Visitor: 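Below is one structure. I have some questions about it.
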Number of protein chains: 2
Amino acid sequence: MLNEPTLQHSQDCGNCPIRHRAVCARCETDELEVLEEIKYYRSFEAGQTVVWSGDKMDFVGSVVSGIASLTQTMEDGRTQMVGLLLPSDFVGRPGRDGAAYDVVATTDLVMCCFRKKPFERMMLETPHIAQRLLEMTLDELDAAREWMLVLGRKTAREKIASLLSIIARRDASLKLSGAQGTLVFDLPLTREAMADYLGLTLETVSRQMSALKRDGVILLEGKRHVTIPDLSRLLEEAGDDSDGGMMV
Amino acid sequence: MLNEPTLQHSQDCGNCPIRHRAVCARCETDELEVLEEIKYYRSFEAGQTVVWSGDKMDFVGSVVSGIASLTQTMEDGRTQMVGLLLPSDFVGRPGRDGAAYDVVATTDLVMCCFRKKPFERMMLETPHIAQRLLEMTLDELDAAREWMLVLGRKTAREKIASLLSIIARRDASLKLSGAQGTLVFDLPLTREAMADYLGLTLETVSRQMSALKRDGVILLEGKRHVTIPDLSRLLEEAGDDSDGGMMV
DNA sequence: CGAGCGGTTGAGACTGTTCAAGGACGGTGG
DNA sequence: CCACCGTCCTTGAACAGTCTCAACCGCTCG
């Protein structure tokens, strides 16, 4: 059951789907060539653990496809998801040996990994990488802080609406479906994963999903297929600025 | 009542109290000289707002002394503190015009500010600054994620214990009082500020402080002076690893 | 002295949790 | 093909923890 992750050989960075968004986004062709030498792909099935908190990590890397989550667990089993890693997001911390969190494949997952030592050396020599990593880290910090408001001050209903609007928005940006009309997507998370992200129990998540459905804020086909007829209504329910104002 | 912040002229970076921890920590003497030309000091009284969320920010900077807090506020007034800025912590985001959060002086505060445009230019030319900033940002991201666990999964009592242990620890590290014995410090936060940090009401904070005092986990003289007779007991109450294990 | 601020405490309401039962769906083996 | 099982999800009822509203304390400042 616990298959080993699959290793694949390097592929051309040129037509990588996350070429323009990942940590390598600013690299020139010659810089990419150096990266290609220290990179390798790894695939994981949904549910597999990529790294255990506290373990030594000899690589850093980017999510190429699929979704991974960063989770923290207390001794008694309470767990909190502290990051949702989407394609192009970066995993690992240069300059640190151990992993600070569990990294778990939420869906089937492909990662582009770099051996850590050479990557760290490259960071010193290649400002383009360090610059991009700083930018990405600042974005993640903003996201984490936005999430602190959700966790600390929002009601269960608002939490669910916040999560749905985040997923809906990034899904829309992936599909480039700029239309502000109705959004449709598949939830990549189980109710339990949603609960761990939102600091709720899975029962509460289920109840609030039902409530949002009953009130017409969302439509559900099956458990996972979500339609959002009116995004501004959802944002209202999330307690966000009604205009959905983004600070870019 | 709302005094203007005081501006002071540049002082020598050489004997700056945060010289070795701030964003300039890795700078050489000649790099410091460039920094001195674009820097200025600003002082704020406790309670003053340094920046309003959404406002244009034409500077970035470091906390020199005192404490500032980063807060987010919803339209209905619910507020969540998303960062506690201690001496040497960095404020502002290179590459972005507007402030994403309110920055408020929690105590009297002195900041070392850099004009943003020249600072951004310098970041491109001076890897030492960008490297240090990346390191600091990664640390802040870790702190934010640790806080997400507190906000999402801990009980009120555990939240208070977590906050106290964080303040106690950084206070000990400032004073270099390596002794693992009893710790003594003054709370720099009002009950309301603690509540905003912990996602609680001030009444709950007050009750749990009383409970921890009643149970002998902490000693209180007045409202603010705290003595921790047994740090490991406090960490236990916080739900943290009993050994207080730090991942450095 | 009174006003204002920060803090404490109590009583009751309410949100979300816990515990428990059961439904829907997909895969597997007879 | 169907029965069975496991996983994911839903729903209900009782309960607990935190919030809300309110009163009050002690201190400082004018």
Side-chain angles (χ1 to χ4, degrees), chain A residues 1 45-48 74 76-80 104 106-107 150-164 186-215 218-226 237 239, chain B residues 1 45-48 74 76-80 104 106-107 150-164 186-215 218-226 237 239:
Chain A
M1 180 63 211
E45 293 177 14
Q48 276 188 304
M74 297 170 65
D76 60 8
R78 282 177 281 177
T79 79
Q80 175 67 48
V104 181
T106 296
T107 64
V150 173
L151 289 173
R153 291 303 187 191
K154 292 197 177 177
T155 64
R157 186 181 174 98
E158 289 170 333
K159 285 180 173 182
I160 299 286
S162 298
L163 178 58
L164 291 177
D186 283 303
L187 264 179
L189 303 174
T190 65
R191 298 289 185 263
E192 186 178 18
M194 293 173 69
D196 284 343
Y197 200 48
L198 295 166
L200 297 170
T201 58
L202 67 89
E203 292 95 331
T204 299
V205 170
S206 183
R207 274 186 254 273
Q208 296 297 338
M209 288 288 289
S210 301
L212 288 175
K213 174 184 175 186
R214 172 168 26 79
D215 299 344
I218 62 175
L219 308 178
L220 278 178
E221 283 169 72
K223 325 286 188 192
R224 301 289 195 90
H225 193 75
V226 181
E237 293 284 356
Chain B
M1 179 62 213
E45 293 176 13
Q48 276 188 303
M74 297 171 64
D76 61 7
R78 281 177 282 176
T79 81
Q80 174 67 49
V104 181
T106 296
T107 64
V150 173
L151 289 173
R153 291 303 187 190
K154 292 196 177 177
T155 65
R157 185 182 175 100
E158 289 169 333
K159 285 180 174 182
I160 300 286
S162 298
L163 179 57
L164 291 177
D186 282 303
L187 265 179
L189 304 174
T190 65
R191 297 291 186 264
E192 186 178 19
M194 293 172 69
D196 283 344
Y197 200 47
L198 295 167
L200 297 170
T201 58
L202 65 91
E203 293 95 331
T204 299
V205 170
S206 184
R207 274 187 255 272
Q208 297 297 339
M209 288 288 288
S210 301
L212 289 175
K213 175 184 173 187
R214 173 169 23 81
D215 298 344
I218 62 174
L219 307 178
L220 277 178
E221 283 169 70
K223 325 289 189 187
R224 301 291 194 92
H225 193 75
V226 181
E237 294 284 355

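Treat the numbers as computed from the prediction; the structure is a model and nothing was measured. Every chain is numbered from 1 and lettered A, B, ... according to where its sequence line falls, protein lines coming before strand lines.
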Visitor: Using C1' atoms of five pairs at each end, report the bend of the helix from C/dC1-D/dG30 to C/dG30-D/dC1 rounded to 10 degrees.
Guide: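 If I round to tens, the end axes sit 20° apart.
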Visitor: Within a radius of less than 6.0 Å around CD of B/Glu203, do more than 12 heavy atoms belonging to other residues, nucleotides or ligands occur?
Guide: yes
Visitor: Using a 4.0 Å heavy-atom cut-off, write out nucleotides 5-18 of chain C from 5' to 3' as B (base contacted by protein), S (sugar-phosphate only) or - (no contact).
Guide: --SBBBB----SBB
Visitor: Do B/Leu164 and B/Glu237 pass the side-chain contact (heavy atoms from CB on, under 4.5 Å) test, and can you show the C-alpha distance, the side-chain angles, and the key distance before you say yes or no?
Guide: CA-CA 11 Å; B/Leu164 291 177; B/Glu237 294 284 355; over 6 Å; no
Visitor: Please examine the side chains of A/Met209 and A/Met194, heavy atoms only from C-beta on, and report whether any two atoms are closer than 4.5 Å.
Guide: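 Yes, side chains in contact.
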Visitor: Do B/Arg153 side-chain atoms and A/Arg78 backbone N/O form a donor-acceptor pair below 3.5 Å?
Guide: no
Visitor: Considering only heavy atoms of chain A and a distance under 4.0 Å, specify the first and last nucleotide of DNA chain D in 5' to 3' order that meet this criterion.
Guide: D/dC9 to D/dA13
Visitor: Is there a side-chain contact between A/Thr190 and A/Arg224 in this structure, where contact means two heavy atoms from C-beta onward sitting under 4.5 Å apart?
Guide: yes
Visitor: Show your reasoning for whether side-chain contact (heavy atoms from CB on, under 4.5 Å) applies to B/Gln80 and B/Leu151.
Guide: CA-CA 10 Å; B/Gln80 174 67 49; B/Leu151 289 173; 3.9 Å; yes
Visitor: How far apart are the closest heavy atoms of A/Thr201 and A/Ala195, and which atoms are they?
Guide: C-CB, 3.6 Å
Visitor: Tell me the closest heavy-atom pair linking B/Gly199 and B/Lys159, and the distance in Å.
Guide: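 That would be O-NZ, 3.8 Å.
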Visitor: Check whether any side-chain N or O of B/Ser206 sits under 3.5 Å from a backbone N or O of B/Leu202 as a donor-acceptor pair, and report yes or no.
Guide: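 The answer is no, because no donor-acceptor pair under 3.5 Å joins these two groups.
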Visitor: Does B/Val226 reach the side chain of B/Leu219, with side-chain heavy atoms less than 4.5 Å apart?
Guide: no
